[in-house]
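For reference, the structure is listed below as structure tokens.
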Amino acid sequence: VVSWNTLIGGYVAQEHICDALECFQQMQLQGLSPTVASWNVLIECCSLDGKTGKALELYAEMQHQSLLPDNITYLSVLKSCSNIAALEIGERIHAQIHGISENNLYLHTALIDMYGKCGSMQKAQEVFDQISVKDLCAWTALIAGYTQQGESKRALSLFDEMRDMGVQPDGVIFLSVLTACSHAGLVHKGLKYFENMSEVCGITPTIEHHSSMIDLLGRAGQLEVALDMIKRLPSKVD
RNA sequence: CUAGGUG
């Protein structure tokens, strides 16, 4: 069974979704019972493919066979929910999680992400507050949620709060932060964060960071500064 | 053998 799972995973990695599904059926035809991991790989694959309905279908089907979903199953299903902003389904799963498994940090982060993408920052904040040890990913999920809802100032103050607590930011969270600045037209803050990122935190800006900055500058009408940044791009990249 | 955050 383990090797079947590996095989399915291989198909998924090469984006041969149909082959993966076929493979899954064939293993059952041979009288082997898929493990939770088999289902997880499949569900994960459907949510990556944007086949959210199928993912939820598989999730229901696996429960129908009296297999217990594990944390990884919930993660994949929640990811599907965030993709289509399916708040009701997400809440249903949240309720299920409470009954069945001990919540871990990965799960909490996925919930925050899901609520954020569904526009329910109220609930996202609630989940966040219940976490005892918040790591960088949890912060990012929350901050990105506020950013996406247009609550830039909330996002930025959370970021400052996080740094006061001594959590080291990474390139991913800076992208959300820069996007928040861009959204709110906070040119100076954006420039400050951008500078701070490389000089204090030692993070090398990627193309994405530069795009974000150029977007910020462009929207604020600072076209010549934006142009200047574009000109300096190639030398910074290598 | 499978798992969370960014435009």
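Letters go in sequence order (proteins before strands), and every chain restarts at 1. This one's a predicted model, so the numbers in the text were calculated from it and none came from an experiment.
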(message) Measuring from atom CG of A/Leu78 to atom CD1 of A/Ile112, what distance do you get when rounded to the nearest 0.5 angstrom?
(response) 11.5 Å

(request) Looking only at side-chain atoms of A/Gln148, point me to the closest of B/G5, B/C1, B/G7. (result) B/G7

(message) Applying a 4.0 Å non-hydrogen cut-off, can you work out what A/Lys117 is touching in the nucleic acid: base, sugar-phosphate, or nothing?
(response) sugar-phosphate

(request) Take the protein atom CD of A/Glu208 and the nucleotide atom P of B/G7, then report the distance between them rounded to whole Å. (result) 11 Å

(message) What's the closest nucleotide to the side chain of A/Ala141 if the choices are B/U2, B/G5, B/G4?
(response) B/G5

(message) Just the rounded figure in Å: distance from C1' of B/A3 to CE of A/Met62.
(response) 13 Å

(request) Measure from CG on A/Leu217 to P on B/G7 and round the result to the nearest Å. (result) 20 Å

(request) First locate atom CE of A/Met62, then atom CD of A/Glu57, and finally report the distance between them rounded to the nearest 0.5 Å. (result) 14.5 Å

(message) In whole Å, I'd like the distance from the CD1 atom of A/Ile173 to the P atom of B/G5.
(response) 14 Å

(message) Please determine whether a side-chain nitrogen or oxygen atom of A/Lys79 lies at a distance below 4.0 Å from atom OP1 or OP2 of B/A3.
(response) no

(request) Whole angstrom is fine here: how far is it from CG in A/Leu48 over to C1' in B/A3? (result) 11 Å

(request) May I ask you to verify whether the side chain of A/Asp135 and the base of B/G4 hold a donor-acceptor pair under 3.5 Å? (result) yes

(request) Measure from the side-chain heavy atoms of A/Glu44 and tell me the nearest of B/C1, B/G4, B/G5. (result) B/G4

(message) Rounded at 0.5 Å granularity, tell me how far CG in A/Leu7 sits from CZ in A/Phe24.
(response) 13.0 Å

(request) Check the distance between B/U6's P and A/Leu142's CG and give it to me in whole angstrom. (result) 12 Å

(request) Measure from the side chain of A/Tyr106, starting at C-beta and using heavy atoms only, and say which of B/U2, B/U6, B/G4 lies closest. (result) B/G4

(message) Would you say that A/Leu87 contacts A/Met114 through its side chain, given a criterion of any heavy-atom pair below 4.5 Å between the two side chains?
(response) yes

(message) For B/G5, does the base pair up with any side-chain atom of A/Asp170 as donor and acceptor (N or O, under 3.5 Å, distance only)?
(response) yes

(message) Need one value for A/Ile143: base, sugar-phosphate or nothing, where a base atom within 4.0 Å counts as base even if backbone is also close, heavy atoms only.
(response) nothing

(request) Look at the side chain of A/Ile72 and decide which nucleotide, out of B/G5, B/U6, B/A3, has an atom nearest to it. (result) B/A3

(message) Within the 4.0 Å heavy-atom criterion, would you say A/Leu42 contacts the bases, only the backbone, or no part of the nucleic acid?
(response) nothing

(message) The side chain of A/Thr6 is closest to which nucleotide in this list: B/G7, B/C1, B/G5?
(response) B/C1

(request) State which of B/G5, B/U2, B/C1 makes the closest approach to the side chain of A/Asp70. (result) B/U2

(message) What is the distance, to the nearest angstrom, from the CG atom on A/Leu178 to the P atom on B/U6?
(response) 15 Å

(message) Between A/Lys153 and A/Glu151, does the salt bridge (charged side-chain N to carboxylate O under 4.0 Å, His left out) criterion hold? Intermediate values first, please.
(response) CA-CA 6 Å; A/Lys153 48 95 201 112; A/Glu151 304 221 27; 3.4 Å; yes

(request) Over all heavy atoms of both residues, which pair between A/Ser47 and A/Ala55 is shortest? Give the atoms and the distance, please. (result) N-CB, 4.3 Å

(message) Does A/Ser212 reach a base, just sugar-phosphate, or nothing at all? Heavy atoms under 4.0 Å.
(response) nothing

(request) Mind calculating the distance between CE (A/Met197) and C1' (B/U6) to the nearest angstrom? (result) 12 Å

(request) Identify which nucleotide among B/G5, B/U2, B/U6 has an atom closest to any side-chain atom of A/Val41, counting heavy atoms from C-beta outward. (result) B/U2

